[in-house]
4 protein chains.
Amino acid sequence: MTSSDSALRKSRGRPRTPGAEGRILEAALEEYGERGWAGFTMDAVARRAGVGKSTVYLRWRDKDSLLTDAIEAHSSGIEEVDTGSLRSDLEQLAANLFRHYMDPIGWATVRLTVDAATASAALGMFGQRVARRHSESLFAIVGRAIERGEVPADFPTMTLFQCLYGAVTMQSMTLLGARRDLTDDEIARRVTPLVEFVMPS
Amino acid sequence: MTSSDSALRKSRGRPRTPGAEGRILEAALEEYGERGWAGFTMDAVARRAGVGKSTVYLRWRDKDSLLTDAIEAHSSGIEEVDTGSLRSDLEQLAANLFRHYMDPIGWATVRLTVDAATASAALGMFGQRVARRHSESLFAIVGRAIERGEVPADFPTMTLFQCLYGAVTMQSMTLLGARRDLTDDEIARRVTPLVEFVMPS
Amino acid sequence: MTSSDSALRKSRGRPRTPGAEGRILEAALEEYGERGWAGFTMDAVARRAGVGKSTVYLRWRDKDSLLTDAIEAHSSGIEEVDTGSLRSDLEQLAANLFRHYMDPIGWATVRLTVDAATASAALGMFGQRVARRHSESLFAIVGRAIERGEVPADFPTMTLFQCLYGAVTMQSMTLLGARRDLTDDEIARRVTPLVEFVMPS
Amino acid sequence: MTSSDSALRKSRGRPRTPGAEGRILEAALEEYGERGWAGFTMDAVARRAGVGKSTVYLRWRDKDSLLTDAIEAHSSGIEEVDTGSLRSDLEQLAANLFRHYMDPIGWATVRLTVDAATASAALGMFGQRVARRHSESLFAIVGRAIERGEVPADFPTMTLFQCLYGAVTMQSMTLLGARRDLTDDEIARRVTPLVEFVMPS
DNA sequence: AATTAATCGAGACGGTACGTCGGGTCTTATG
DNA sequence: CATAAGACCCGACGTACCGTCTCGATTAATT
């Protein structure tokens, strides 16, 4: 996003150190995970990545850009699920999202999305990108359900997406901070009524 | 939360300037609205409120506390609705929430809730408080619907709350930044299918 | 100085770009003249010379070396004088030195000499070299005066040199900054009493 | 210079810490003495003075200003001499100046003067101030000599000043770097012929 | 009335991080 | 295979803000 420029650079002079980009992103995530936003420092990231600060600023405009990229790169999306039935697919998906949010970096995606929705220019279309990537999983699931005839072809998938993801996100909002170490069982107990509600059997 | 303490102070010495508290909260909101989180500084708040920094720090522990209080005080909750029918009550409520989010300070509530869910100690139970206050409106609505016999007594109100509010929040996440000036008509077009989905006619 | 090495390189590999050396020296002088010591940067010199930084560092050890060479190369010494009489020779010489100091780069010689006297190793014997070159003119003048019998053979030329050059330098120190555009007349008015003092008629 | 402003400040707000100014100047000198110009760091000065960087920058515009002030404050002038005879007064004075230059900070005065003569605005009239202060000693000496009848009343003191100080400065330029630990004897050997030259017995 | 104590506006304080920039080194592709 | 281009590491720059502190000036309640 910030770095690529063009693949076909003639590139005179010393080429950019190959590993650097990745090491910096990784260091950024680790720092963010350990210290949180408040304690997230460019100097610390550079030091941890074994890299000069200028090397970081050569690739990212500022702190926000780096953190955004780092988190977006990491939050590669929820794992696909395909259990054969719509209901259990949804339960799995919701549970996966829940687990994703338990991870500080997973939750950071939400944080950045909310920030992006505030600051007009800075964080750009971060929210849209994340939403699209996440919704794709759900569209795949519903697509298969339509093929199987479980739901009609004009099923309002997007609305389902908003309700299901929204509900999980809302739960996480009030839950996290207090505790972020739910067992699979507890997650299931929270997810099942949700799916039952949006997709009554 | 931070300020009140107790009304029955004997209070020797000069009493606190009456208007100060309010002026500071107001200034905080204005600053936050204009400059966003990044540009939100205590110095600016104090200056705008025409108050010394110590006067601010005498009342609020730190920046987070002030901003939290300011936003919580402003976001006094969604207006009650009572149209006589559950469906239109829900549509009204969702539309109100939507409008609430269009306001930068309304949206800030979400931002803080998300932050609060990250930083363990700092922002405390902000999320819970907000959720409780918002959910009360919904419980009132559903309560009346139960009395009218529109829904069974064991209706999963909390789940409805999470889905409805979650969905509106999700929409706002991907919408805002791009544009935050939806007409009532556009809001209705977004809200109706949501309510139809969670509460099929 | 730093660069030449030897002309008779067998020169395997790519030969050095012919113009580079000169362009760099010139760029160095221009930069130094425009921005002064504080604003004198290797990057700027390289950029102005249309050359990579390594091209510069291949020829000069460091910033000091480059600047030293650039200035020493330019400041090719005070023009010789030979009017036939010691007094007027001295007046001419002192006036020439004065004019030399009016030129920013001429004055830079002094600056570097002083720097050289501070930093032990870095600038090496710059001071001595400059002093020797300048004093040679004077020794020539006094040599002729001795031959003409104007002064005794054991005349303390070195002391005269120090007094005359020192006095002109001192005047320049307090003069420059204020104005560096003395007319020949003003220079004469400053020089004459000096020579009268060190060489009473 | 930078700080004074006015004695009659109404002085609202916390007054500036009294000792700070002095501690900073002292720390600056020590740092400069130990590390030289290249290693002279604002951070280090602040740390050594036990002071925040902002406290330094509140008083001095930038690095140059601080160092200038520090050196000017320290270089409080050459000690007065009064031996009863002009010649030995001059020898003493020249020797004192020599010793002053042996001290890195004493020599720094020269460096700054030369810089000041280059950069028009930055260092202001530093050269003039230094020259005036130093010349006052000499004027006192010559004044007494005139009273004693050793020299005529119209003696060109300023020219003497320029020659004597200039000569000592010139010697130091070519001497320093090599070695800056002359014994009193060596100093005397360098000074005597100088005085003999400008003031023949 | 004099004393006491809390609060006020103002702003300096010690820190810490920011994003920039320069020095000198190192790694490529180029000629 | 020496040279040239420019990315690299390092660390200082000067700025901004945090939350604390120290002033002198109010402003009641208590002596």
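Proteins get letters first, then strands, A, B, ... in listed order; numbering begins at 1 in each.
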Contact list (N/O, under 3.5 angstrom) for nucleotides 25-28 of chain F vs protein:
from	atom 1	to	atom 2	distance (Å)
F/dT26	O2	B/R14	NH1	3.1

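Taking the side-chain contact (heavy atoms from CB on, under 4.5 Å) definition, one finds that D/R35 meets it with D/E31, sequence neighbours left out. Shown here are the side-chain contact (heavy atoms from CB on, under 4.5 Å) partners of C/I105, two or more places apart in sequence or in another chain: C/L29, C/I71, C/H74, C/D103. Remark: B/D62 pairs with B/S65 by the side-chain hydrogen bond (donor to acceptor under 3.5 Å, both in side chains) rule, at least two apart or across chains. Remark: D/Y32 engages D/R111 in a side-chain hydrogen bond (donor to acceptor under 3.5 Å, both in side chains) (not counting sequence neighbours). With sequence neighbours excluded, the residues satisfying salt bridge (charged side-chain N to carboxylate O under 4.0 Å, His left out) with A/K53 are A/D43. For C/S54, the side-chain contact (heavy atoms from CB on, under 4.5 Å) test picks out no residue, with sequence neighbours left out. For the side-chain contact (heavy atoms from CB on, under 4.5 Å) test, residues two or more places apart in sequence or in another chain that qualify with A/E30 are A/E26, A/R48.
Note: CG (B/L58) to P (E/dA5) measures 17 Å, nearest angstrom. Rounded to an integer number of Å, the gap from A/K63 NZ to F/dC17 P is 14 Å. Rounding to whole angstrom units, CZ of residue D/R59 and C1' of E/dG11 are separated by 12 Å. Atom P of nucleotide E/dC18 and atom CG of A/L66 are separated by 10 Å, given to the nearest angstrom. When rounded to the nearest whole Å, the span between CD of B/E31 and P of F/dC17 equals 10 Å. The nearest whole Å value for the distance from the NZ atom in A/K53 to the C1' atom in E/dG22 is 14 Å. Rounding to whole angstrom units, CG of residue D/D64 and P of F/dC13 are separated by 11 Å. To the nearest angstrom, P of F/dG11 lies 14 Å from CZ of D/R35.
Of the candidate nucleotides F/dG14, E/dT20, F/dC13, F/dC13 has the atom nearest to the side chain of D/T41.
Contact check for B/W60 versus B/L67: no side-chain heavy atoms found under the 4.5 Å cut-off. Considering only heavy atoms from C-beta on, C/L25 comes within 4.5 Å of C/L66 through its side chain.
At a threshold of 4.0 angstrom between heavy atoms, the contacts of B/S54 include nucleobase atoms, whether or not backbone atoms are also involved.
Looking at residues 42-49 of chain D, you'll see D/M42, D/D43 sit with a heavy atom under 4.0 Å from some atom of DNA chain F.
When each of A/F40 and D/T55 is assigned the nucleotide of DNA chain E bearing its nearest heavy atom, the one mapping closer to the 5' terminus is D/T55. Both A/R23 and B/Y57 lie near DNA chain F, and the one whose nearest nucleotide falls closer to the 5' end is A/R23. Two residues, A/G52 and C/G52, neighbour DNA chain F, and the one matched to the more 5' nucleotide by heavy-atom proximity is C/G52.
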